[in-house]
K.L.:
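My questions all concern the structure below.
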Amino acid sequence: IDTTYSKSAYDGASVENNITSITGTSAGTITYEGRGNTIYSSQTTPPTNAGTYTASITIGGKTATADFTIKKASQSVTVSMADYNLKGTVSTPTISGQKERPTVTYYYNTTNSNENGTKWENISVDTLTPGIYYMYATLSETENYNAYTTPTTSFRVGRLPTSIQNGSFETPAIGSWYSIMPETTPS
């Protein structure tokens with residue numbers, strides 16, 4: 001019986017020996033061994049990690065085998081990215097929820113897509129122009145988990161106030177103008 005990696009020992013093999021009363025021989029112990037590219041020496045301890053295996057048992061000089069696979073599990077990871085302003089400090093993307101130690105590569109897009117992005121590397125404070133961007137991450141395949149691409153998260157590159165004109169100023173939020181009105185006290 002095939003299964004998916006769950007950090008638990010494989011429990012899909014069992015023996016039902018209904019002929020002991022006839023043969024006088026009891027069933028032996030199930031042994032497990034890796035096959036193909038899976039390295040797992042023959043032993044009675046069920047495997048835990050993803051791979052391809054053979055379970056075998058010997059009864060009365062006859063050996064029965066069954067092949068099975070422990071499939072890699074899926075990651076469930078999110079990416080985070082804080083907004084930042086030009087002439088400030090560039091934010092650093094992070095991920096959470098990853099299992100094992102995948103290689104992580106970050107990408108950004110100008111559209112809400114986690115495909116065909118630009119690799120997030122060598123980014124300086126003035127690399128991106130003010131606007132809204134979308135960050136995502138790719139995680140490499142590991143021993144027990146498939147490769148994974150996160151959903152996107154949006155982040156904003158804002159600009160600093162650049163001018164004050166007639167009591168109005170532009171905020172770091174992209175292109176927003178606010179007015180400054182003097183407060184007066186009635187006499």
Side-chain angles (χ1 to χ4, degrees), residues 1-16 27-58 63-85 88-125 127-129 131-158:
I1 298 174
D2 290 347
T3 189
T4 300
Y5 173 75
S6 66
K7 296 184 183 179
S8 299
Y10 179 76
D11 63 0
S14 63
V15 175
E16 186 175 320
T29 304
I30 299 172
T31 58
Y32 302 89
E33 187 171 5
R35 61 183 170 84
N37 292 328
T38 301
I39 299 171
Y40 193 78
S41 61
S42 182
Q43 57 189 287
T44 58
T45 303
T48 300
N49 291 328
T52 54
Y53 301 91
T54 299
S56 61
I57 189 162
T58 302
T63 300
T65 63
D67 294 338
F68 66 96
T69 300
I70 299 176
K71 300 173 190 166
K72 292 186 179 205
S74 296
Q75 295 269 16
S76 180
V77 179
T78 57
V79 64
S80 299
M81 179 66 176
D83 297 346
Y84 69 92
N85 291 319
T89 302
V90 175
S91 298
T92 302
T94 60
I95 59 170
S96 60
Q98 73 274 16
K99 307 289 189 229
E100 295 183 344
R101 296 183 185 269
T103 300
V104 179
T105 307
Y106 295 98
Y107 295 89
Y108 69 94
N109 258 330
T110 56
T111 60
N112 189 4
S113 171
N114 63 355
E115 295 178 344
N116 301 316
T118 302
K119 193 172 184 180
W120 184 264
E121 62 181 353
N122 303 318
I123 302 294
S124 65
V125 75
T127 301
L128 303 178
T129 59
I132 295 175
Y133 296 87
Y134 299 88
M135 180 67 66
Y136 67 96
T138 60
L139 287 72
S140 66
E141 179 179 49
T142 65
E143 182 179 14
N144 293 302
Y145 291 90
N146 292 310
Y148 182 77
T149 300
T150 69
T152 62
T153 188
S154 64
F155 70 98
R156 181 186 305 259
V157 176

K.L.:
Residues in side chain to side chain contact (heavy atoms under 4.5 Å, CB included) with Ser6, at least two apart?
P.N.:
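Per chain and number, Ser6 pairs via side chain to side chain contact (heavy atoms under 4.5 Å, CB included) with Ser8.
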K.L.:
Would you compute the distance between atom CZ of Phe155 and atom CE of Met81 and round it to the nearest 0.5 angstrom?
P.N.:
4.5 Å
K.L.:
Going by the salt bridge (charged side-chain N to carboxylate O under 4.0 Å, His left out) test, which pairs reach into residues 34-46, not counting sequence neighbours?
P.N.:
Arg35-Asp67
K.L.:
Less than 6.0 angstrom separating the ring centers of Tyr53 and Tyr10, yes or no?
P.N.:
no
K.L.:
Side chains of Leu128 and Tyr84: closer than 4.5 Å at any heavy-atom pair?
P.N.:
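Side-chain contact under 4.5 Å: yes.
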K.L.:
Applying side chain to side chain donor-acceptor pair (under 3.5 Å), which residue pairs with at least one partner in residues 104-115 are found, sequence neighbours left out?
P.N.:
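Residue pairs passing side chain to side chain donor-acceptor pair (under 3.5 Å), neighbours aside: Asn112-Thr152.
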K.L.:
If you round to the nearest 0.5 Å, how far is OG1 of Thr52 from CG of Asp2?
P.N.:
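OG1 of Thr52 is found 10.0 Å from CG of Asp2.
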K.L.:
For the CD1 atom of Ile123 and the OG1 atom of Thr92, what is their distance to the nearest 0.5 Å?
P.N.:
11.0 Å
K.L.:
Is there a donor in the side chain of Thr58 and an acceptor in the side chain of Thr63, or the other way round, less than 3.5 Å apart?
P.N.:
yes
K.L.:
Indicate the ring-plane relationship of Tyr145 and Tyr5, choosing parallel, tilted or perpendicular according to the 30° and 60° boundaries.
P.N.:
perpendicular
K.L.:
Got a sec, which pairs hit salt bridge (charged side-chain N to carboxylate O under 4.0 Å, His left out) with one end in residues 99-112, sequence neighbours left out?
P.N.:
none
K.L.:
What's the shortest heavy-atom distance between Ala82 and Ser91, and which atoms?
P.N.:
O-OG, 2.9 Å
K.L.:
Should the pair Tyr32 and Phe68 be assigned to parallel (<30°), tilted (30 to 60°) or perpendicular (>60°) ring geometry?
P.N.:
perpendicular
K.L.:
OG1/Thr4 to CG/Asn144 distance, rounded to the nearest 0.5 angstrom?
P.N.:
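So the OG1 of Thr4 and the CG of Asn144 are separated by 11.0 Å.
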K.L.:
Work out which heavy atom in Ile30 is nearest to a heavy atom in Ile57; give both atom names and the distance.
P.N.:
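What the structure gives for the nearest pair is CG1-CD1, 4.1 Å.
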K.L.:
Going from OG1 on Thr48 to NZ on Lys7, what distance comes out if it is rounded to the nearest 0.5 angstrom?
P.N.:
11.5 Å
K.L.:
I want to check something: taking the side chain as every heavy atom from C-beta on, are Tyr133 and Thr118 in contact at a cut-off of under 4.5 Å?
P.N.:
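No - every pair of side-chain heavy atoms lies 4.5 Å or more apart.
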K.L.:
Any idea which heavy atoms bring Ser56 and Thr65 closest together, and the distance?
P.N.:
CB-CG2, 3.6 Å
K.L.:
Any idea which heavy atoms bring Tyr134 and Ser154 closest together, and the distance?
P.N.:
CE2-CB, 3.7 Å
K.L.:
So how far is it from Met135 CE to Thr94 OG1, rounded to the nearest 0.5 Å?
P.N.:
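Output value for this atom pair is 10.0 Å.
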K.L.:
What pair of heavy atoms forms the shortest contact from Ile132 to Arg156, and how long is it?
P.N.:
CD1-NH2, 4.1 Å
K.L.:
Okay, side chain of Lys72, backbone of Thr142: is any donor-acceptor separation there less than 3.5 Å?
P.N.:
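Yes, the answer is positive, given that a donor and an acceptor are paired below the 3.5 Å cut-off.
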K.L.:
Please answer whether the main-chain N or O of Ile70 pairs with a side-chain N or O of Thr3 as donor and acceptor at a distance below 3.5 Å.
P.N.:
no
K.L.:
With Thr103, which residues qualify under side chain to side chain contact (heavy atoms under 4.5 Å, CB included), at least two apart?
P.N.:
Ser140
K.L.:
List the residues meeting side chain to side chain contact (heavy atoms under 4.5 Å, CB included) with Val125, not counting sequence neighbours, and say none if there are none.
P.N.:
Val90
K.L.:
Could you point out which residue of Thr150, Val104, Thr149 forms a side chain to side chain contact (heavy atoms under 4.5 Å, CB included) with Thr138?
P.N.:
Thr149
K.L.:
Testing the basics here: between Trp120 and Pro93, what is the closest heavy-atom pair and its distance to 0.1 Å?
P.N.:
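Where Trp120 meets Pro93 most closely, the heavy atoms are NE1-CD, 3.4 Å.
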